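Everything below concerns the one structure shown next.
Chain naming here is simple, since letters A, B, ... match the order of the sequence lines and numbering starts at 1 in each. Predicted, not measured: the structure shown is a model, and the values here were computed from it.
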Protein chains: 2
Amino acid sequence: MMNEKASTAPERPRSLEARIQEHLSELPSSERKLAELILDFPGELSAYTATELAKLAGVSKAAASRLFKRLGFTNFEEARRLVRDIKQWGSPIYLHERQQDSSPLPSEKQAFLDDHVAALTRTFEQLNEADIEAALQRIVEARRIWLVGFRNSYFMAAYARWQFIQFRQQVHLLPHPGETFGEHVTEFGEDDLLIAVGMRRRVPELERVMQAAHERGMPVLYLTDSLAGDKKPVATWTLRCDISSSFLFHSYVGPMGLIHYLSVQAVRLTGKSGRVRLEDIEIAHEKMGDFDD
Amino acid sequence: MMNEKASTAPERPRSLEARIQEHLSELPSSERKLAELILDFPGELSAYTATELAKLAGVSKAAASRLFKRLGFTNFEEARRLVRDIKQWGSPIYLHERQQDSSPLPSEKQAFLDDHVAALTRTFEQLNEADIEAALQRIVEARRIWLVGFRNSYFMAAYARWQFIQFRQQVHLLPHPGETFGEHVTEFGEDDLLIAVGMRRRVPELERVMQAAHERGMPVLYLTDSLAGDKKPVATWTLRCDISSSFLFHSYVGPMGLIHYLSVQAVRLTGKSGRVRLEDIEIAHEKMGDFDD
DNA sequence: CCGCCCCTGAAATTGAAATTTCAGGGGCGG
DNA sequence: CCGCCCCTGAAATTTCAATTTCAGGGGCGG
């Protein structure tokens, strides 16, 4: 076997790319062609079969098989696992390796960045203008705004509330500390607006609140993820965000971008009065010495 | 241009997720379990085999095979291809190219998108690796984690808490509803960690909390914006985010990205125990019928 | 309470991907 | 110019994932 002794094999999981670099100079041409391809590969390597990679590189399947052997794997499957799991779970060791890169942004961080950018882009691309227009109008005109979000959606509702109170009054985040839903639901009125944030995974409670609003003739703006079913609950308008990520946790930059967008546009809609209010708040804070800097 | 509604759209390759949504209600339980898993799947689906997915969902391989058939694929391989190629199609690079063409995105939305992307990029570029490493270690090892954030920083602390409780216990968000700070501050201990989120504009209270932690020999991770002065408060580690935006409100996608990054890396650090906890949570939820879909 | 229908996972079968074998080359030292 | 050695891809073989089959339930209408 061409497997040069374990002498150079520290039993640590080195990344596939590292192993390739290490052996690159001593690889025969067909295997090297494949190795180069892998180093340049833009996509998720582990999503491809050895046969496909071989074809892409224009070499035989045999060459592929031999390459992975030579790189110290027992077979292709082992390499594929490594790539996949490093992406998913990483390992401190692996991360360390990458930091030695002289690239401006270590590729691991780059991968996170790309992930968020992709999610944001998809979110903005698929926004439904018509619903946004209508919802904005209501955000501006509603007598009161009720915001609700459970679990992972709670903080987005909190963010939206913070933004909205910058330009209007009567923005309530539910459930209020120490209060139950019932108290507020009975207050729901026709002139109000419910904004329900419901990213996967939703709890049944959310739909109950939406239903309650609906029954009282109150419009509902539903912010959800793009995977949500079409059996839309009783939403008047639905805005979907892409929260997919290739890492362990979803990315919520999409919804953040959307709420930011809604906020800015809403202020524009309110016109001068909104801006004045912003200034008022600013002034009030300063008078009270609220700020640090 | 033709504005073809989804109804008339012929065989535009529908995404796997879309197909699942469409059939979700009529799926038998074992197949549905698997479908749910796929909808929630954070990683690169196409990097996994049907057998692995089945195992993760706790169903038989047969169920997996049947599911993909029922979704309209001729076999699993076809589904895997679809996922892989759509992902490739939606990659940031590809999207970037696309944007230069016949602007599919109205320039106004494009401007928002660019703004966020810029903020994210600057945030990731300037991250201090050394502080991150140290902070991560502490996030994993601390006995308790206290999260604090006022005003516009509150929702980020809430987000961080939600993420962190996915893989560890004893993560507390301050101030707790209906409680004052004093009660908790006296609990601060050397083995704990305080994570203070303080984006402009800060209130004096934040520094008081940080000071209190400091006096009790407790390390402090300070998440702030890049404009924060250097007269850094008593922070052990400081991580800065770029929140600048050319619009009326700041963009908080930077901090979101950072917290996401910290969460994923922290889980990686905790290793198997963290993963196990993730699984446990999932199971617990299912038992309680917490979820809607 | 029967019996139909569909669901389920274990096990057998199929089939594709990966590995190994093998029969040519081609470079290069002797 | 010979001959060794290693490379190469086609083809045979092996391996293992995916599919199909099948026997055993369980719900529900009759």
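- Atom CD of B:E78 is separated from atom P of D:dT19 by 11 Å (rounded to the nearest Å).
- Rounding to whole angstrom units, CZ of residue B:F76 and C1' of C:dT14 are separated by 17 Å.
- Qualifying side chain to side chain donor-acceptor pair (under 3.5 Å) partners for A:S153, counting only residues two or more places apart in sequence or in other chains: none.
- One interatomic measurement links the two molecules: CG of A:L53 to P of C:dA17, which rounds to 12 Å at whole-angstrom precision.
- Whole-Å rounding puts the B:E52 CD to D:dC16 P distance at 13 Å.
- In terms of the side chain to side chain donor-acceptor pair (under 3.5 Å) criterion, residue partners of A:E52 (sequence neighbours excluded) are, by chain and number, A:T49, B:R81, B:R84.
- Within the 4.5 Å cutoff, the side chain of A:Y252 has heavy atoms near those of the A:H250 side chain.
- The interatomic distance linking B:F68 (CZ) with D:dT19 (C1') rounds to 13 Å, in whole Å.
- Closest to the A:K69 side chain, of the nucleotides C:dT19, D:dA18, D:dT19, is C:dT19.
- Among residues two or more places apart in sequence or in another chain, the side chain to side chain donor-acceptor pair (under 3.5 Å) test is passed with A:T74 by A:E78.
- Where pairing requires Watson-Crick or G-U contacts shorter than 3.5 Å, the helical stems of DNA chain D with at least three consecutive pairs are C:1-30 with D:1-30.
- Both tests do not hold together for B:R268 against B:F167: distance to the six-membered ring centre under 6.0 Å, angle to the ring axis within 45°.
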Using atom types as modelled, flag every donor-acceptor pair under 3.5 Å from a side chain in residues 55-68 of chain B to any protein atom, sequence neighbours excluded.
unit_1 : atom_1 : unit_2 : atom_2 : d
B:S60  : OG     : B:A62  : N      : 3.4
B:S60  : OG     : B:A63  : N      : 3.2

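- Two rings, from A:F249 and B:H260, have their centers 6.0 Å or more apart.
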Reading 5' to 3' through nucleotides 3-10 of chain C, protein heavy-atom contacts under 4.0 Å coded B for base, S for sugar-phosphate only, - for none: ----SBBB

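- One atom, CG of B:N75, and another, P of C:dA17, lie 10 Å apart when rounded to the nearest Å.
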Full working for ring pair (Phe, Tyr, Trp, His ring centres under 6.0 Å) between A:F188 and A:W146: CA-CA 8 Å; A:F188 283 3; A:W146 304 93; 5.4 Å; yes

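- In this model, the phosphate group of D:dT20 is not approached by any side-chain N or O of B:K61 to a distance below 4.0 Å at OP1 or OP2.
- In this structure, CD of A:E77 is placed 18 Å from C1' of C:dT20, rounded to the nearest angstrom.
- Panel note: side chain B:R70, backbone B:L27; no donor-acceptor pair is recorded below 3.5 Å.
- Dashed line: the shortest gap from a side-chain N or O of B:T51 to OP1 or OP2 of D:dA17 is not under 4.0 Å.
- Rounding to whole angstrom units, CZ of residue A:F73 and C1' of C:dT19 are separated by 17 Å.
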